[in-house]
K.L.:
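This is the structure, below, for whatever I ask next.
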Amino acid sequence: MDKQALDKRYMRMAGIWAENSYCVRRQVGALIVKDNRIISDGYNGTPSGFENICEDDDNKTKPYVMHAEANAITKVARSHNSSDGATIYVTASPCIECAKLIIQAGIKRVVYGEAYHMDDGLRLLEKAGIQIDFLDREHLI
């Protein structure tokens with residue numbers, strides 16, 4: 001299977017994984033793939049042991065909600081896998097905090113499906129020499 005077909009497949013899977021999120025405002029999913037194997041996954045939500053409510057009474061995201069990328073990276077850190085050289089597929093472009101985690105995790109490629117409201121994360125990833133590819137989620141089939 002060619003790279004573009006695999007990219008589309010993994011991005012569709014990240015979109016399906018996002019559906020696990022309890023967040024109302026935005027559901028985001030991420031998959032970390034290495035050697036054509038999914039080695040980790042994540043979606044945005046509260047830390048383990050917290051209630052599954054992402055927004056406060058004013059419909060603002062609670063400050064302790066974790067992003068999908070952070071969940072996937074911390075999950076792989078607790079496994080026997082290494083994300084060094086991997087690709088992360090994420091339904092929304094990474095924020096600056098997640099970009100820092102991506103860099104430190106040794107991930108070499110980011111494929112994202114829609115723009116986050118700020119592009120500072122993408123700019124940091126570019127500065128770090130990480131390959132960034134946009135794959136419009138509207139055209140995945």
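In what follows, residues are counted from 1 in the order of the sequence shown.
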K.L.:
Where is the tightest heavy-atom contact between A105 and I73, given as atom of each residue plus distance?
P.N.:
CB-CG2, 4.0 Å
K.L.:
Just by distance, do the side chain of D35 and the backbone of R37 share a donor-acceptor pair under 3.5 Å?
P.N.:
no
K.L.:
Please answer whether the main-chain N or O of Y116 pairs with a side-chain N or O of S93 as donor and acceptor at a distance below 3.5 Å.
P.N.:
yes
K.L.:
Between E69 and N71, does the side-chain hydrogen bond (donor to acceptor under 3.5 Å, both in side chains) criterion hold? Intermediate values first, please.
P.N.:
CA-CA 5 Å; E69 306 94 298; N71 269 324; over 6 Å; no
K.L.:
Would you call D7-R109 a salt bridge at under 4.0 Å N-O?
P.N.:
yes
K.L.:
For the hydrophobic clusters of this structure (ILVMFWY residues joined by side-chain heavy atoms under 4.5 Å, transitively), does one cluster hold both I102 and F134?
P.N.:
yes
K.L.:
Let me see the working for K34 and S83 under side chain to side chain contact (heavy atoms under 4.5 Å, CB included), right down to the final yes or no.
P.N.:
CA-CA 7 Å; K34 186 173 180 179; S83 56; over 6 Å; no
K.L.:
For L122, is there any backbone N or O sitting under 3.5 Å from a side-chain donor or acceptor partner on D119?
P.N.:
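No: the side chain of D119 does not pair with the backbone of L122.
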K.L.:
Looking at K100 and E97, is any side-chain nitrogen of the basic one under 4.0 Å from a carboxylate oxygen of the acidic one?
P.N.:
yes
K.L.:
Between E55 (side chain only) and K62 (backbone N and O only), is there a donor and an acceptor less than 3.5 Å apart?
P.N.:
no
K.L.:
Give a yes or no on whether I107 and L31 share a hydrophobic cluster (residues Ile, Leu, Val, Met, Phe, Trp, Tyr; joining criterion: side-chain heavy atoms under 4.5 Å apart).
P.N.:
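No, because I107 and L31 fall into different hydrophobic clusters, even though each may have its own neighbours under 4.5 Å.
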K.L.:
Treat each ILVMFWY residue as a node, draw an edge where side-chain heavy atoms are under 4.5 Å apart, and state whether I38 and M11 are in one component.
P.N.:
yes
K.L.:
Just do the side chain to side chain contact (heavy atoms under 4.5 Å, CB included) check on R26 and E114 with the steps written out, would you?
P.N.:
CA-CA 12 Å; R26 173 180 249 183; E114 64 184 50; 2.7 Å; yes
K.L.:
Restricting to non-hydrogen atoms, name the atom on A18 and the atom on G29 that form the minimum distance, rounded to 0.1 Å.
P.N.:
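For A18 and G29, the tightest heavy-atom pair comes out as CB-N, 3.3 Å.
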K.L.:
Give the C-alpha distance, both sets of side-chain angles, the deciding distance and a yes or no for side chain to side chain contact (heavy atoms under 4.5 Å, CB included) between I88 and V111.
P.N.:
CA-CA 6 Å; I88 189 166; V111 181; over 6 Å; no
K.L.:
Quick one: does C23's side chain get under 4.5 Å of V65's, heavy atoms only?
P.N.:
yes
K.L.:
Do N44 and M66 come close enough that some side-chain heavy atom pair is under 4.5 Å?
P.N.:
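The answer is no, as the side chains (C-beta and beyond) never meet within the 4.5 Å cut-off.
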K.L.:
Side chains of C95 and M118, heavy atoms from C-beta outward: is any pair under 4.5 Å?
P.N.:
no
K.L.:
Using every non-hydrogen atom in the two residues, find where C98 and A70 come nearest and quote the distance to one decimal.
P.N.:
SG-N, 4.1 Å
K.L.:
For Y43, does its backbone N or O pair with a side-chain atom of S21 as donor and acceptor, under 3.5 Å?
P.N.:
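Not a single qualifying donor-acceptor pair exists.
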K.L.:
Check for a donor-acceptor pair, side chain of Y10 on one end and backbone N or O of N36 on the other, with a separation under 3.5 Å.
P.N.:
yes
K.L.:
Are V28 and Y112 co-members of a hydrophobic cluster defined by side-chain heavy atoms under 4.5 Å apart?
P.N.:
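Same cluster: Y112 reaches V28 through Ile, Leu, Val, Met, Phe, Trp or Tyr contacts under 4.5 Å.
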K.L.:
Is a side-chain donor or acceptor of T91 paired with a backbone partner of G15 at a separation under 3.5 angstrom?
P.N.:
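Not a single qualifying donor-acceptor pair exists.
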K.L.:
Just checking Q104: does its CD atom have more than 12 heavy atoms from other residues, nucleotides or ligands closer to it than 6.0 angstrom?
P.N.:
no
K.L.:
If you define the side chain from C-beta out and look only at heavy atoms, does anything of V110 sit under 4.5 Å from T87?
P.N.:
no
K.L.:
Closest approach of P94 and A99, non-hydrogen atoms and distance?
P.N.:
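Scanning both residues completely, I find the closest heavy atoms to be CB-N, 4.2 Å.
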K.L.:
Verify the neighbour count for atom CD of E51: are there more than 12 heavy atoms of other residues, nucleotides or ligands below 6.0 Å?
P.N.:
yes
K.L.:
I need the K8 NZ to Q4 CD distance, nearest 0.5 Å.
P.N.:
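These two atoms lie 4.5 Å from each other.
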K.L.:
For G42, is there any backbone N or O sitting under 3.5 Å from a side-chain donor or acceptor partner on K75?
P.N.:
no
K.L.:
Is there a path from I96 to V90 through hydrophobic residues (I, L, V, M, F, W, Y) whose side chains come within less than 4.5 Å of each other?
P.N.:
yes
K.L.:
Quick one: do Y89 and V33 satisfy side chain to side chain contact (heavy atoms under 4.5 Å, CB included)? Show the steps, please.
P.N.:
CA-CA 8 Å; Y89 294 85; V33 176; 3.8 Å; yes
K.L.:
More than 12 heavy atoms of other residues, nucleotides or ligands under 6.0 Å from CG of D2: yes or no?
P.N.:
yes
K.L.:
Keeping the roles fixed (side chain from T46, backbone from C54), state whether a donor-acceptor pair exists under 3.5 Å.
P.N.:
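No, T46 side chain to C54 backbone: no donor-acceptor pair under 3.5 Å.
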